[in-house]
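Accompanying notes for the structure given below.
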Amino acid sequence: MRKCLLATAALLAQVPLGASAKVDYVTQIQPILDAKCAECHQPARVIDGRKYKPKAGVVLNSPEGIAEAEVIDWGRPDHSLLVQRIALASGHEDIMPPAKANNPVTPQEIELIKTWIQETGGAAAAVDPDKPVPKVSFSSIEAILSSKCNECHEDPSTSGKKAKGGLVLDTIGGIRSSGSVVPGKPETSELLIRMELPQNDEDVMPPKKTGKEMTKSEIETVRNWILGGAPFGDVGAPVQPVKVMTAAEVLSQGVKLPPAAALAKLQDLGASITPISADSPFVSVEFISGASKIGDDFVKQLFLIAPNISELDLSRTSITDAALEHIGSFARITKLNLANTQVGDAGIAKLVDLKNLDWLNLYGTQVSDAGLPEIAKIRSLKTMYFYQSKVTSEGLGKLKVAFPQAKIVGDIKSKKDRFDNL
Amino acid sequence: MSDSNQFNRADELTRRQFMCDSARKYLGVTLAPMLGASVATEAFGFTTPLRERAAKSVIFLNMSGGMSHIDTFDPKPKRPDVQGPATPIDTAAPDIQLTKYLPKTAEIADRICVINGMRTNQGAHEQGQYYLHRSYAPRGTIVHPALGSWVLRLGGRRNKTIPGYVSVGGSAETASGGFMGAKYAGVPIGDPNDGLKDSRRSVSEEDFNKRLSLADKMNQKFHGEFNQKQVGAYEGLYDEAVNLMTSEDLKAFDISLEPQEMHQLYGSDRFGRGCLLARRLIEHSVRFVEVTLGGWDTHYDNFTAVEARAAILDMGFSALITDLETRGLLDSTLVVIGTEFGRTPDIVTEHQMGRDHFPSAYSAVIAGGGVKGGTKYGVTDAKGKKVVEGEVSPKMLNATIAYGLGLPLDRQVMSPSGRPFWVSDKAEAVTSIFA
């Protein structure tokens, strides 16, 4: 993979391209996270019938995972849990990766991650000054706790019975000593985490059977109280809220708008290029009319805008496996349509480094069961199509085991394979 | 919008008509709506926040005549007196029940969103169909553009060699471009088997090229003397027509190229074949395809008639959803079932169990294009007589489709007389149905 990325980087250096001199997520950060964190922090998977879930529910080898985990406070590396944990002194019990993994993040890597968080946050939209975190005083929290929590989490000295889980929530002392509230950090405060779990999660609080489900506004109040530093007395000035970014925003950092000359050239050659959204540097590339004239030679030209390609539709073109060698290095692709082309297993094997690919259409291709183990390496996949390929019903079954969460669409004739296993 | 309304002046229609007639006479083509290149795809110009990763195309299934909601998508199991013989069945989606007239749709119900709170203010067919398609009530002074025309106007054509808006089985009026003119009108197709009429050369290639170059020579002189933008645009008509006639995508219109099993999947009736054609057109990046199924005006003997209509809809619609999904096209294609109004919950016994027009509550369906499947939006009362939650007007449905395509609802387009209009008459989209 490294080799491939280097090859891309070298090519990028030759032509005036999108990626800037800033720290680049795809080429500089993602490899670190892949090497140091992904073993435990990758999306849920099944190997030999055993299920593996991401540790602590945190996925670190995809921008989406990073966005969801909220372990980064963009623009403030020192406030980011990710940095805090990897920067702990060696030997500390909370250091990440854990000591037993014997795979520490180097000081240089830590610096790189910090610079990245700093730069990325600086470039992102500033916190809206018109919408500061509402000030929440402890009295509103007390009201919520007493209606939703204290029946089970009451101080034993007043109730005369044991508090559930030893957790006391009706006294300030109880809350403080429980460690379930981390001032300023809702994402690590167990009090809030448990309240926000889905209703069907066995760990949700209050438990489903009590019928005391937290309302959205109550959860928001608790979150804002924690964000505001979880004060037990008078409310002071609000602290700045943690800045959150979407997966697409994380992925687009450092990517410039595609060069107009390159766009014009590709459009002349028959590509339809449209921006993904108004303020994104990412584009969707498709070949709408005259697709059959597009061959492997053309795909090479896509290097001109390689960092900008988020969606690539090569369906009905005349490309072969050779084209996928190039496409396999377009690291920011999320959606790839190869339907009704001649590509097969050998080509698919070249796509394994596409760590951000979540939608893959192989309908009407030569891909067979032999290619599935390679596809299974692309852990970011969420939607796959195999209609009229050489993949068998049995092969699809195995793939569904490997991707329990994904939508996998097979043959129209077999009801079982027709749709996904959602 | 690069063309700055140059075709929107009423007085030019006759001149365009003249050009079309000439083209037909001398070149053997009759495709006026193909005039003009696509718009809005020139990158990096937009400012309005739009839906990201929006759907690309629409298939609008028009149930003409007023589809009974209670007998199709909004059954009332607790009121057998209202329900009649169309008993409810469970579906692949735990939250959705349909009637026994839609067994195949029940199998793909996890892919659709049923909108049960439709309400219109038009109780007659013509006016109801007009409002459904155009977001405005009919006026004597103007003809509003159809939704498909708006989609081309705001979003542009995707495939520049074939028409962007095709209407199968409906009247030409349904797909008229209104004040936007023929450039944005739907290309009508009567029988899906016939494909696109007049798109093939009626003369030999040699003669064709000869006539074309002769026309070019004559034009050159004219263009030299009248070097104006509009004159240049007329020439575009020739280019577009020639593009189409030589396009490799023209085969999109030929459903005879489909294997037998596909014909069986969709059904051999006109609507089923229309749905099959719609899928082929979507594969070739046509923006907006409408397929009409008539015969829903079931004043007399409602249940016999609805059962027969529903069987056709059931087959075509479920085939379409299944087929689009297996090809990976459903994510980017909105499939909509619309009708002008519903039918009375009360069964009219003296009309052999008939049902009359009912604008106050009825159903629509929207699927694909990022819509959350297996869901419902809106609720009617126990009898299906009143919308009690989530009311959606026809123009809101159009707003929702436009939003689904990532089009700007706030973009105003001026009529030739200088009045402003909007794709959904400023109605809001129902955004919560999208994932």
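All values reported here derive from a predicted model rather than from experimental measurement. Note on naming: letters A, B, ... go to the chains in the order of the sequence lines (proteins, then strands), and numbering restarts at 1 for each one.
- Atom CG of residue Asn337(A) and atom OG of residue Ser332(B) lie 8.5 Å apart, to the nearest 0.5 angstrom.
- To the nearest 0.5 Å, the span separating CZ on Arg157(B) from CD1 on Ile288(A) amounts to 11.0 Å.
- Applying the side chain to side chain contact (heavy atoms under 4.5 Å, CB included) test between Tyr385(A) and each of Leu329(B), Thr326(B), Asp331(B) identifies Asp331(B) as the sole match.
- Crowding of Lys208(A) atom NZ: a count of heavy atoms from other residues, nucleotides or ligands under 6.0 Å not exceeding 12.
- For Gly328(B) against Asn361(A), the heavy-atom pair with the smallest separation is CA-ND2, 3.6 Å.
- The number of heavy-atom neighbours closer than 6.0 Å to CD of Glu374(A), taken from other residues, nucleotides and ligands shown, is above 12.
- Of the two parts of Ser292(A), the backbone and the side chain both hold a non-hydrogen atom closer than 4.5 Å to a non-hydrogen atom of chain B.
- A salt bridge between Glu283(B) and Arg316(A) is absent, with no side-chain N of the basic residue lying under 4.0 Å from a carboxylate O of the acidic one.
- For Tyr377(B), there are no ring-ring contact (aromatic ring centres under 6.0 Å, His included) partners at least two apart in sequence or on another chain.
- Other residues, nucleotides and ligands contribute only 12 or fewer heavy atoms inside 6.0 Å of the NZ atom of Lys398(A).
- Other residues, nucleotides and ligands contribute over 12 non-hydrogen atoms within 6.0 Å of the CD atom of Gln301(A).
- If you measure heavy-atom distances from Thr334(A) to chain B, the contacts under 4.5 Å come from the side chain alone.
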